[in-house]
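Working notes, beginning with the structure itself.
In this text, all values refer to a predicted model and were calculated from it rather than measured experimentally. Letters A, B, ... mirror the listed sequences (proteins, then strands); counts begin at 1.
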Amino acid sequence: MPTVEEAVAEQERLRPLVRAVADPDFTPRFVAGLDVAYGDDDRVVGAVVVLDADLRTVDEAVVSGVAEFPYVSGLFAFRELPSLLAAVKKLTVAPDLLVCDGQGVAHPRRFGLACHLGVLADLPSIGVAKTPMGPYDLPGTAKGSCTDLVDDGEVVGRALRTCDDVKPVFVSVGHRIDLDRACAEVLRLCRTRLPETTRRADSLGRRHLR
DNA sequence: GCGACAG
DNA sequence: ATCTTGTCGC
């Protein structure tokens with residue numbers, strides 16, 4: 001495993017590969033949700049589910065292992081990426097979009113987990129975080145309301161209300177997609193505060209912990 | 001020195 | 001992340 005310094009250098013090296021634009025023909029049919037569940041003593045289970053246009057689960061994969069990197073804010077990917085990438089590779093149904101549990105470019109070095117996963121898997125990806133990494137303005141209370149996440153004068157994501165009167169989620173581009181499409185996908189996937197993709201990946205991971 | 005800090 | 005059931009409300 002890399003040291004903290006090496007991990008930061010790796011992020012800077014890969015960051016230029018991020019594309020915040022979708023392919024002209026981008027129309028996701030199969031969307032994947034990814035999450036990692038934690039057990040005792042650094043045991044981890046990377047879980048991924050694939051949903052079709054009707055939000056039916058059409059594929060699942062899990063990979064259990066041991067966390068090789070500590071939790072360090074800003075270097076989250078080095079903890080969760082190995083098991084998640086391995087799980088994605090086990091899928092039978094190829095996803096058109098990865099929905100990650102964490103930040104994309106809304107990150108101090110513009111290279112959160114969603115970017116890292118998108119670049120390494122060479123797939124469109126978005127980050128949906130439950131907590132922002134910086135300050136933000138609260139959006140209106142209606143589903144679909146949003147405010148821009150601004151960092152250093154740049155719009156890096158959006159605080160998005162996914163249901164009426166629930167706490168917003170924090171959406172940012174991971175790779176090969178734009179922010180408008182990213183938010184539209186999140187809204188399409190939400191029946192409750194969090195996208196169905198992450199909810200199902202979360203329960204799949206927990207289930208596999210035993 | 002104290003608090004914050006994706007999961 | 002995790003420790004944790006039922007319960008009140010829409």
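- Atom CG in Leu84(A) sits roughly 13 Å away from atom P in dA1(C) (whole-Å rounding).
- If you check every strand for non-hydrogen atoms under 4.0 Å, Leu75(A) touches a base.
- Distance from the side chain of Asp101(A) is smallest to dG7(B) among dA6(B), dG7(B), dA1(C).
- Within the model, atoms CG of Leu75(A) and CD of Glu6(A) stand 11.5 Å from one another, a figure rounded to the nearest 0.5 Å.
- One interatomic measurement links the two molecules: CG of Asp35(A) to C1' of dA1(C), which rounds to 9 Å at whole-angstrom precision.
- Using a 4.0 Å heavy-atom cutoff across all strands shown, Gly127(A) reaches no nucleic acid atom at all.
- Note that the CG atom of Leu51(A) and the OG1 atom of Thr57(A) stand 5.0 Å from one another [nearest 0.5 Å].
- At the phosphate of dG7(B), OP1 or OP2 sits under 4.0 Å from a side-chain N or O atom of Thr131(A).
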*asked:* Run Tyr71(A) and Glu80(A) through side-chain hydrogen bond (donor to acceptor under 3.5 Å, both in side chains) and show every step you take.
replied: CA-CA 9 Å; Tyr71(A) 171 70; Glu80(A) 298 211 335; over 6 Å; no
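- Straight-line distance from the CG atom of Asp164(A) to the C1' atom of dC10(C): 11 Å, rounded to whole Å.
- Leu209(A) places its CG atom 11 Å from the C1' atom of dA1(C), with the value rounded to the nearest Å.
- In this structure, CZ in Phe170(A) is found 14.0 Å from CZ in Arg158(A), a value given to the nearest 0.5 Å.
- Helical stems in DNA chain B, defined as runs of 3 or more consecutive Watson-Crick or G-U wobble pairs with both donor-acceptor distances under 3.5 Å, are not found.
- Of the charged side-chain nitrogens involved, none lies within less than 4.0 Å of a carboxylate oxygen, so that Lys143(A) and Asp165(A) do not count as a salt-bridged pair.
- Remark: Thr131(A) engages no residue in a side-chain contact (heavy atoms from CB on, under 4.5 Å) (not counting sequence neighbours).
- As rounded to whole Å, 14 Å separates atom C1' of dG7(B) from atom CZ of Phe69(A).
- A donor-acceptor contact closer than 3.5 angstrom is absent between the side chains of Thr141(A) and Arg161(A).
- What separates NE2 of His107(A) from P of dC5(B) is a distance of 15 Å, to the nearest Å.
- Phe76(A) and His107(A) have their aromatic ring centers separated by at least 6.0 angstrom.
- When all heavy atoms of Val36(A) and Ser83(A) are compared, the closest pair comes out as CG2-OG, 3.9 Å.
- The CG-P distance, from Asp202(A) to dA6(B), rounds to 17 Å in whole Å.
- Looking at Arg200(A) and Asp35(A), no side-chain N of the basic residue comes within less than 4.0 Å of a carboxylate O on the acidic one, giving no salt bridge.
- Listed candidates were dA1(C), dT2(C), dA6(B). Nearest to the side chain of Arg206(A) is dT2(C).
- In DNA chain C, no run of at least 3 Watson-Crick or G-U pairs (N1-N3 plus N6-O4 or O6-N4, or N1-O2 plus O6-N3, all under 3.5 Å) shows up, so the stem list is empty.
- In this entry the distance linking CG of Leu81(A) with C1' of dA1(C) reads 17 Å, nearest Å.
- Among the nucleotides dA1(C), dG7(B), dC5(B), the one closest to the side chain of Ser73(A) is dC5(B).
- Residue ring and base: Tyr71(A) counts as stacked with dG7(B) (centre distance below 5.5 Å, interplanar angle below 30°).
- Using a 4.0 Å heavy-atom distance criterion, Gln103(A) is classed as a base contact.
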